[in-house]
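Just below is one structure, and these are the notes that go with it.
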Amino acid sequence: MLHDLVLTTPLLILLFAALFTLVVDAFLPSGDDNRRFWAYFGAAASAASVLASVGLWKFGGSLEMHTTAFAQHLSMSHYSLFFVALTGVCALVTHLASPKYLSEHGSAWGEYYALLNFAAFGMGAMVASESLLTLFVGLEIMSMAIYVMVAIKRTSQASVEAGMKYFIMGSVASAFLLYGMAFLYGLSGGTSYLDISRALSQPGGNTLWLSLAVLLTSAAFLFKVAAVPFHMWTPDAYEGAPTPVTGLMSSAVKAAGFAALLKFLYACLGGPAMNTLHAQVPVVLATIAVITMTVGNLLALSQKSAKRTLAYSSIAHAGYLLLGCVAVVADPNLPGYLQPTGAVPFYLVGYAFASLAGFAALTVVGKGGEERTGEEQLIGMGRNYPFAGAVLALAMISLAGVPPTLGFFGKLQLARDVLGVDGGKYLPHIIILVLNSVVSAYYYLRITVWVYMRPDPKQAPEYIRETSLTWAMGLAAAGILLVGILPQRALVAGQRGVATIRTATAIKALRYEQAKPGPQPVRQAAAQPPAPEAKPAAEN
Amino acid sequence: MDGTFTQAWLQTVSGGGFPLLTALTLLPMLFAIFALFIPGELSFAHKAMSLVGSLITGLLGLVVLGQFDRAAVGMQMVDNFAWIPSLGVRWLVGVDGLSLPYVLLTVGLTPLVLVGAWSAIDKRWKEFGIAMLVLETGMLGSLVATDLMTFYVFWEIMLVPMFLIIGIWGGKQRIAATVKFFLYTMFGSLLMLVAILYLYHKGGGTFVLADLAAVQLSDKEQLWLFAAFALAFLIKVPVFPFHTWLPDAHTEAPTPGSVILAGVLLKLGTYGLLRFAIPLFPAAMGKAAPLLAVLAAIGIVFGALMAYVQTDVKRLVAYSSVSHLGFVMLGIAIFNEEALQGAILQGVNHGLSTGALFLLVGFLYERRHTRAIADFGGVAKTMPVYTAFFVFITMSSIALPLTNGFVGEFLIFAGSFKEGVQSSILPPDGGGMAWRTLVLACTGVATLGIVLGAVYMLSMVRRVFFGPITNAANELLKDLTWRERFLVGTISVFVLWIGVAPGGALKLSETTVHAMVQPLRPQIQQVRSKADFQREMRNAAMLRPQPTR
């Protein structure tokens, strides 16, 4: 029990912070200043959670703990810790960016910060899940919290509409997920990834039902990460939501969605479950990826507001990331110098920092309940609020993938790894990806042009200026630049993360083979090489 | 912390030699970071900061020149650190005779441009100073990098500051021009990125140029990869059909932007061809050389004719760049020692003379706020010193003997006539006849371009400077200040020096060009004369005695 609690410290911190906020806030006197306290409290909790993840990452190996907790329902492997830390940073920045904006919009509720912590907890549970049950519970905790946060501006029609739309569409997606899980349970007789991968590797399984199950389940994930054809909710929800929440949605929700998707796919397809789907899923993923990025970029071209542009851009980035998933799913087939591929985790770090910075900088134009982020609002920002203007421009440059920002190295690694799959099988997809980048550069530049190059308006707009918001922008911008120029650590961390889910699958295969009656097969020797990776070395 | 900087520091303290090129490259960026923390209101501090940064970089450049061994083959002053081991990216920098002239041009022009900008840039000096310093780091990094990914990173870093310089401080149509510039260049570069990654996989996970040059590629692969690399570089140069971004960008850019764009950025296109595209894919270059030669010839004449009909002085100079870079491209397409030497030198020459022309046009624009030729006339009466400088630089631009332009163009023509008349590798009896005819034809057309160059430049000079003063506003023009005289005078000294005694400048690149042409030229030629070779084989087969039973 203690072991479980120690392992899940990063999640428990978030959970108790949320509960504490919820209970104590009811007894605090009203007034925006008292609500502001919760922003700092939540930021501290997120920071503590991130530190706990880093600590577990560093010392987890030397304590020789198993990484699974709570009867193998959660696994705090390097993979999970990586994403818990990433979503924790996203929550931290969102906490810092929120308070003044919420006061300006008359929705400074203490519950907002509780929900934010709940959402972060849900994401953590989602990425750490080792079974369909915890996956679903984590996903729903995250989703419910986000639905409410999107609609938290009760008096704003757009906000409520966005929340409603997101809620209804999200519920349908959850239904899909449950339906797919039901099939998986029927096929495998268990809900844990271990049971599933064990059952699916039996010869003579029913491919049709398996395909259906994977299809339904993946559809729910594709909805969460806003991939075509499940992207319809994105522009409205992103635009209607309070800007800091939009930042959280495009960074942390997307990261958690991809993390869970990859783990799920790995459990169903990788390792022992070398079933027929293993050849088909990457092709399907790559096709969806190409369609998603193209649709997202083309639709973003004609948008008038920066927030809506970034919503479509987030669809496009989902496309890039799906292509990265191809490399991760095909990981065992990659040439040696590419293994293990950290394409998706590292790209998500870059995308998270860039969109956090972008939306934090867009938060400053939300003065006085204003919620438009078009050309008029952004003109002259580079002169009248140089810091926010520079952060916004930097975020755009990173999203466009221009070096030396983090966005470039993310795209570089992703393109490199996907190109290495099956001897350049996905070369056309990569060419489409880079052409998409050129298209996307146009609308990112347009925002930069608004900020810096148009003649100043006669009357400068009012901006939200606040220390904590400045910190939020500064943190995200520093992430873009520092991790961009010296990306080695983040790259290695991402690779080790993916290595753990690979190793986990290999160990599962080993245990499975050992548990099998009869003579030991030769595969035991094949499973030997990943063994050193199972023991996290102390160097990181 | 990671690789590079710790290792560089360790190398320094352990007596392994100061990482000179690393310092040279990163110094401007360091000053840009300092400048970030100075408030924007203190524009004088930013002027001083950027100037000091670029001057110290210039001094380091001189140290590099002092340590450079002209007789040595291969890269010198190499710094080799692991930068991003997970991606296989190495911080591998070095100079040789190909890059050193451009490194010197960069570190020399940047301080001059910054001094020139004191009057040309009247707002937001903080952003301007930072952009210029980052741009300098980008240019230097592209020139010294010999790891393809490091090169690519710096190649792209150049885009953002230039985008801002044109977009913030440019003319009326600046936004359209700068977006066009950015997208056009990025399009070419990204396809090159895919090619680099493809090559990376072929080479088994390395970006190091020397390793990748040894990778065996099929003819088809070579051709496609060369096409991707060449597209990126030809857009940057720009060669004839890809030039459309250049007149807009040049015209709308503020004077410092134009000078850097013409002076260094365009040269990086030809430099990239010589450094990367040709050594990596010599066989494909053999196939593409006729096309490149023809495009170069078209560009020379087209640029000249377009320049002739311009009504705006700056646009005229911009089109003259298309024409001048056609000569450089012709020298590269010919690829023998004389032509290459000429091409490298002509690149530097163009940087000096066109840079000076843009500065001069900028001085006039600051006084009159117009650049239309029709608004001027008789300026020589009110601005004699200015006129003297302008006419001198014009002479350099149209390649009058005793100016630098003459030396460069003469060498290119010497090389191309040699190639056309007596190719040193092909057998004299008919082999490669088509290629020789083509070379002679292109050279002929290019010679026409020289005449046209004189036509458009001199007619512009006549209309602007001589004749009666038709416009009353020109009566009150003030002649050049001492600061302006210093700027143009410094460049003029180099123009004259290279023109009168080109030996020193040519010696810099002599060994490198020799070492480059020697192994590559046979590979290029081999492909070019393949058709001839096949014909010979057929003839030999017919002559072979039939086997008898």
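The chains referred to below are lettered A, B, ... by the order of the sequence lines, with proteins before strands, and numbering in each begins at 1. No experiment lies behind these values; they were computed from the predicted model shown.
- Of the inter-residue distances, the one linking L87(B) atom CG with L491(A) atom CG reads 5.0 Å to the nearest 0.5 angstrom.
- Open room surrounds NZ on K220(B); 12 or fewer heavy atoms of other groups in view lie less than 6.0 Å from it.
- For the set V89(B), L159(B), L164(B), I175(B), the entry with the most heavy-atom pairs within less than 4.5 Å of chain A is I175(B).
- Put simply, CD1 on I166(B) and CE on M453(A) are 9.0 Å apart, with the number rounded to the nearest 0.5 Å.
- Contact of L433(A) with chain B is not made at all, since no heavy-atom distance falls under 4.5 Å.
- Note that the CG atom of L190(B) and the CD1 atom of I430(A) stand 11.5 Å from one another [nearest 0.5 Å].
- Taking every heavy atom of both residues into account, L183(B) and V438(A) meet most closely at CD2-O, 3.6 Å.
- Dense packing is recorded around OH of Y463(A), with more than 12 heavy atoms of other residues, nucleotides or ligands lying under 6.0 Å away.
- Counting heavy atoms of neighbouring residues, nucleotides and ligands inside a 6.0 Å radius, atom CD of E375(A) exceeds 12 of them.
- Between the H201(B) side chain and the D417(A) main chain, no donor and acceptor come within less than 3.5 Å of each other.
- Contacts between P455(A) and chain B at a heavy-atom distance below 4.5 Å involve backbone atoms as well as side-chain atoms.
- Here CG of L486(A) is found 8.5 Å from CD1 of I84(B). Values are rounded to the nearest 0.5 Å.
- Ranked by non-hydrogen atom pairs under 4.5 Å with chain A, the options F187(B), Y198(B), F163(B), W169(B) are led by F163(B).
- Scanning both residues, A441(A) and M186(B), for their nearest heavy atoms gives CB-SD, 3.6 Å.
- Note that CH2 of W224(B) is 10.5 Å distant from CG of L427(A), once rounded to the nearest 0.5 Å.
- With a 4.5 Å cut-off on non-hydrogen atoms, Q495(A) touches chain B through its side chain but not through its backbone.
- Neither the backbone nor the side chain of T405(A) has a heavy atom closer than 4.5 Å to any heavy atom of chain B.
- Under a 3.5 Å cut-off, the side chain of Q488(A) and the backbone N or O of S86(B) do form a donor-acceptor pair.
- No part of R446(A) comes within reach of chain B, as not one of its non-hydrogen atoms sits under 4.5 angstrom from that chain.
- Between chain A and the residues E156(B), K126(B), R124(B), the most heavy-atom pairs under 4.5 angstrom are made by R124(B).
- Both the backbone and the side chain of V153(B) come within less than 4.5 Å of a heavy atom in chain A.
- One distance of note links CD1 of I196(B) with CG of L419(A); it measures 12.0 Å at 0.5 Å rounding.
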*asked:* Checking L412(A) against L193(B) for the side-chain contact (heavy atoms from CB on, under 4.5 Å) test, could you report, in this order, the C-alpha distance in whole Å, the side-chain angles of both residues, the deciding distance, and whether it holds?
replied: CA-CA 9 Å; L412(A) 170 66; L193(B) 178 66; 4.1 Å; yes
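- The part of T178(B) that comes within reach of chain A is its side chain, from C-beta onward, which places non-hydrogen atoms under 4.5 angstrom from that chain.
- A ring-centre distance under 6.0 Å is found for F408(A) and Y152(B).
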